[in-house]
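Quick note: numbers below take in every heavy atom, side chains included, and nothing from hydrogens, waters or symmetry partners.
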2 protein chains.
Amino acid sequence: MKLTTRGRYAVTAMLDLALHGKEGPISLADISSRQDISLSYLEQLFAKLRKSNLVKSVRGPGGGYRLSRDDTKINVADIIDAVNESTDATNCGGKGICQNGEMCLTHHLWNDLSTQIHLFLSGITLGQLTQKEHVQSICERQDMEQLAQNEERLALIGLDSGNA
Amino acid sequence: MKLTTRGRYAVTAMLDLALHGKEGPISLADISSRQDISLSYLEQLFAKLRKSNLVKSVRGPGGGYRLSRDDTKINVADIIDAVNESTDATNCGGKGICQNGEMCLTHHLWNDLSTQIHLFLSGITLGQLTQKEHVQSICERQDMEQLAQNEERLALIGLDSGNA
DNA sequence: AAATAACCGACTGATTTAGTCAAGTAATTA
DNA sequence: TAATTACTTGACTAAATCAGTCGGTTATTT
């Protein structure tokens, strides 16, 4: 079992996409500033998400990423799998060859746990998450913060270049 | 979330104790040979298990470890916690400070997952595991293998030293 | 006293994570 | 068509963690 920042980032980024991508494609730079995830790292993750057919990319100015299907048709387990984090809790990949080719004493236990985790995560879709109240309120906060950041940046540029 | 060989070894070793420790203390050397876990590594793990009051030790010849309470009173989550593997799936340790002190978009999701995993694992006791049919059959196999190994070893010693 | 087995701490090689950097390629817009 | 914007790819790295080793100490029994 392995669940680290990578899987969490991927799910967070995908949820950001689901929340903001209603109109058009969203750039990774936007996601990066809203979710505080390094742009280069997002690029790595989205390469995998694209290979697993969870997102589609649009190049050029105004481009970015969009979900490749409806947000009610993408679940959390899909995303975690796509970035190579397994929800498998066994050591042997579920094959039952954990002790010299034979089954170890606790194989079934880890197998059951894996099933449990997978059931839970595959039962939650991005669509469901976007409907949650606390998700929406955090989303609003992040949008505000991003606006504030943009204004600051613009102000700085204004100062630097004067009003030429 | 982190669940690696360490946690799996700890649970396996504890289950071995529950299965074999009915009469007296069991040495780590025994567990090591039955479960194919390095003796030194077991020592590390049992130091932690002892600090968490899950096992008691008996020194000297014939010594070893025994469970510090009934096997129906020790659950799998207890053991995993003891060896420092967390069942927490959040990045912030459940504190909700995942994004610059504020809550990240997916905090609740990981929190729910943690709860789910912990519920599952803390609902399974060593006592329950010892009753399972497949556990008992694997246990028997391991006992046979250990016997075979001992005989081989004795035979080798016999050859080496002759029949002096 | 000798054998046994737990106890302790320092150390190590390998792997993985999270993240950076640089050099592309493709699509738009002016 | 030139400049811009944004995605794409791959190599690279510092830090952390894991799994495991090694040498030696302490306590207990025979």
Under-4.0 Å salt bridge between K73(A) and D78(A): no
Criterion side-chain contact (heavy atoms from CB on, under 4.5 Å) against L15(B), the qualifying member of L129(B), I31(B), I74(B):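 Only one option passes, and that is L129(B).
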Where at least one partner belongs to residues 39-55 of chain B, residue pairs that pass side-chain hydrogen bond (donor to acceptor under 3.5 Å, both in side chains), sequence neighbours excluded: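 Checked against side-chain hydrogen bond (donor to acceptor under 3.5 Å, both in side chains) - neighbours excluded - no pair reaches residues 39-55 of chain B.
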Residue pairs passing the side-chain hydrogen bond (donor to acceptor under 3.5 Å, both in side chains) test where at least one lies in residues 109-121 of chain B, sequence neighbours excluded: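 Pairs touching residues 109-121 of chain B that pass the test: D88(B)-S114(B), T106(B)-W110(B).
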Check: T130(B) main-chain N/O paired with Q136(B) side-chain donor or acceptor under 3.5 Å: yes
N91(A) and H107(A) side chains, donor-acceptor separation under 3.5 Å: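 Their side chains do not contain a donor-acceptor pair, so the 3.5 Å distance test is not met.
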Strand-adjacent residues in residues 48-57 of chain B, judged by heavy atoms under 4.0 Å from DNA chain C: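 Result for residues 48-57 of chain B: R50(B), S57(B), sorted by number.
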Summary of protein contacts for nucleotides 17-30 of chain D, nucleotide by nucleotide, where a base hit scores B, a sugar-phosphate-only hit scores S (4.0 Å, heavy atoms): -SBBBB---BSBB-
Whole-Å gap separating P (dT5(D)) and OH (Y65(A)):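 Answer to the nearest Å: 18 Å.
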Among E145(A), Q146(A), Q142(A), side chain to side chain donor-acceptor pair (under 3.5 Å) partner for R34(A): Q146(A)
C92(B) and M103(B), any side-chain heavy atoms less than 4.5 Å apart: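 Answer no - side chains too far apart.
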Those residues of residues 25-34 of chain A lying under 4.0 Å from DNA chain D by at least one heavy atom: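 When residues 25-34 of chain A is checked for heavy atoms under 4.0 Å from DNA chain D, the hits, listed by number, are S27(A), L28(A).
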Under the ring-ring contact (aromatic ring centres under 6.0 Å, His included) test, residues paired with H108(A) that sit two or more places apart: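 Per chain and number, H108(A) pairs via ring-ring contact (aromatic ring centres under 6.0 Å, His included) with H134(B).
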Atom pair CD1/NZ of I138(B) and K132(B) - distance to nearest 0.5 Å: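 That separation rounds to 12.0 Å.
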